[in-house]
There are 2 protein chains.
Amino acid sequence: MSQTVGRALSILPLLAEGPANLEQVASRLDVHKSTALRLLRTLHEHGIVYRQPDQRYRLGARLFALAQEAVENLDVREIAHPHLAELNAACGHTVHLAVYEEDEVLYIDKVESRYPVRMYSRIGKPVAITVAAVAKLLLADLPEPERRAVAERLDYPRYTSRSTPDAAAFLAELAKVREQGWATDLGGHEESINCVGAPIRGAEGRVVAAMSVSAPNVVVSADELLSLLPRVRRTAEAISAEYVGQPTLPQPTGGRHPHPRHKRAAP
Amino acid sequence: MSQTVGRALSILPLLAEGPANLEQVASRLDVHKSTALRLLRTLHEHGIVYRQPDQRYRLGARLFALAQEAVENLDVREIAHPHLAELNAACGHTVHLAVYEEDEVLYIDKVESRYPVRMYSRIGKPVAITVAAVAKLLLADLPEPERRAVAERLDYPRYTSRSTPDAAAFLAELAKVREQGWATDLGGHEESINCVGAPIRGAEGRVVAAMSVSAPNVVVSADELLSLLPRVRRTAEAISAEYVGQPTLPQPTGGRHPHPRHKRAAP
DNA sequence: GGAAGTCGTTGCATATTCTGCAACGACCAT
DNA sequence: ATGGTCGTTGCAGAATATGCAACGACTTCC
């Protein structure tokens, strides 16, 4: 909508890859150096980017501070953490917490495995949405039309031979997950890694987050991991219970949609 | 420099406080609703802000992802973490890692105390710059003119009776810290909390980060905490050694300053 | 040691882009 | 029904961002 702001924001992912100098930024934005300079200066004034001693720019500290504040406002995280830690203490595997937002699922918390062989993942990193157990749980709860729309919008990379191949398969899987109330990822992302997950529900039973336990084959077999399912579900339910118990006033007004999603064209 | 971008960026700290609707944003930016709408839409397109089901805006997931990438590029953090964890395992207290950036010092890592009574702090939150041990360490290493300029720019809130009262006192303290190579905060921020810190040095001996151990009076006395100093210094030195050992190509060119800081006016 | 080459910076004229306005539509309350 | 809130849209005017060209600081190459 706003070209200038759009350009400025495009600089951020670019700098996230690593420090860059003025010319690199200008050429990747496809604007004149002077334009890039002004944008960078503005970002700098706001502490979003930082200028290194060698004059190159990188993402600044305030961005980090902002993001940190943002996550802290996600009450699910606060509530869930102790439960996740407890589960990790009990089984020793990596435990993840994830939320869905605009075609992306991302980890917002994680308790590391206590085994030396670990799964790689990163808080804040988008999840492999078509295969991850947490992603299935979150998408399975979307209202039918939207679920369908999202499924068709996605790409289906073949990470492994067991990755979800296409939208149809994914929708079928989502239906199953929705039905049974839990989900798995058996080698769909990394051949040797399995996950079991369960949904965390807020008021009115909507899925607000999802959690999972992940472990590589070399540590426990898929069957052994599945045997943890009851425990995982109990943890998710405990979090849900606590979450609905004292939700810090989420969505005061029910739902107002001045412009409904699927509006009919005017006559 | 760029008004539009500036306005858009001003929305971020505002939303960090909590979700807000269009009107609130518009009035706090002091612009027309339609203007605020366009800015928010642009931020939304880039995933920086998210629109809740109740139509209010809050900071989005991508901001979180970006920030996460940003910190990961700070190699000090990667290198330091295991050492901090080890120190925590040994003494049980809260361990912090902080960096300085443009008049701000902020925590970039933290290992929580294992005692029930803990100091409150938050990764990503700006540190009380005039009293914190880590802040003293970082500022003490600035070149003299800048150190002075910063000290005079700062505010000196009287958190407690032992807070640094003014710029003169602060500069004196910094000189001492610079001299002795370590720093303390004895009840300067919270009456009952003490800290001991040591600097982490990069190539050429410049201080690139600082670490500290904090504990409340009720757990250990200031003297007992001070007895940890040798250990803290050793940890900081171990991190420094590892950091200079394999710095992932920081600052390739030495220093180019097309426009020197203190340029004389043209004749 | 001079000359050519980088790279960041500045002032300015142009026109592109953003702004505020006013009116509308959807929704809620009374 | 009626009035009120809040988000959304199209438009004309004007403020704002843009690209250009030239310069200064610095490096490198001959």
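Computed from a predicted model, the values in this text were never measured in an experiment. In what follows, every chain begins at residue 1, and chains take the letters A, B, ... in the order their sequences are listed.
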Contact check, side chains of B/Val134 and B/Tyr107, non-hydrogen atoms, under 4.5 Å: yes
Separation of C/dA26 atom C1' from B/Leu22 atom CG, nearest Å, is 15 Å
In whole angstroms, the gap separating C1' of D/dC6 from NZ of B/Lys33 amounts to 6 Å
> Are B/Glu23 and B/Arg28 ion-paired here, with the side-chain N under 4.0 Å from a carboxylate O?
Replying inline: no
- prompt: Does a salt bridge link A/Glu101 with B/Arg58, judged by any charged N lying under 4.0 Å from a carboxylate O?
  reply: yes
Could you run down the sub-3.5 Å N/O contacts of the protein with nucleotides 18-22 of chain C?
unit_1 : atom_1 : unit_2  : atom_2 : d
C/dC18 : OP1    : A/Ser2  : OG     : 3.1
C/dC18 : OP1    : A/Gln3  : N      : 2.7
C/dC18 : OP1    : A/Thr4  : N      : 2.8
C/dC18 : OP1    : A/Thr4  : OG1    : 3.0
C/dC18 : OP2    : A/Gln3  : N      : 3.4
C/dT19 : OP1    : B/Arg7  : NH1    : 3.0
C/dG20 : OP2    : B/His32 : N      : 3.2
C/dG20 : OP2    : B/Thr35 : OG1    : 2.6
C/dG20 : N7     : B/Ser34 : OG     : 3.1
C/dC21 : N4     : B/Ser34 : OG     : 3.3

Checklist entry - When you check the gap from the basic side-chain N to the acidic O, do A/Glu45 and A/Arg41 get nearer than 4.0 Å? => result no
In whole angstroms, the gap separating P of C/dG8 from CD of A/Gln52 amounts to 13 Å
Practice task
State whether A/Glu104 and B/Arg62 are salt-bridged, where the test is any N-O pair (Lys NZ or Arg NE/NH1/NH2 against Asp/Glu carboxylate O) under 4.0 Å.
Solution key: yes
Rounded to whole Å, the CG-P distance (A/Leu37 to D/dT18) equals 12 Å
Separation of D/dA25 atom P from A/Gln55 atom CD, nearest Å, is 13 Å
Looking only at D/dT8, C/dC7, D/dG7, the nucleotide nearest the B/Glu23 side chain is D/dG7
Whole-Å distance, B/Asp54 CG to D/dT5 C1', equals 15 Å
| With distance as the sole criterion, is a donor-acceptor pair present between the side chains of B/His96 and B/Asp109 under 3.5 Å? | no
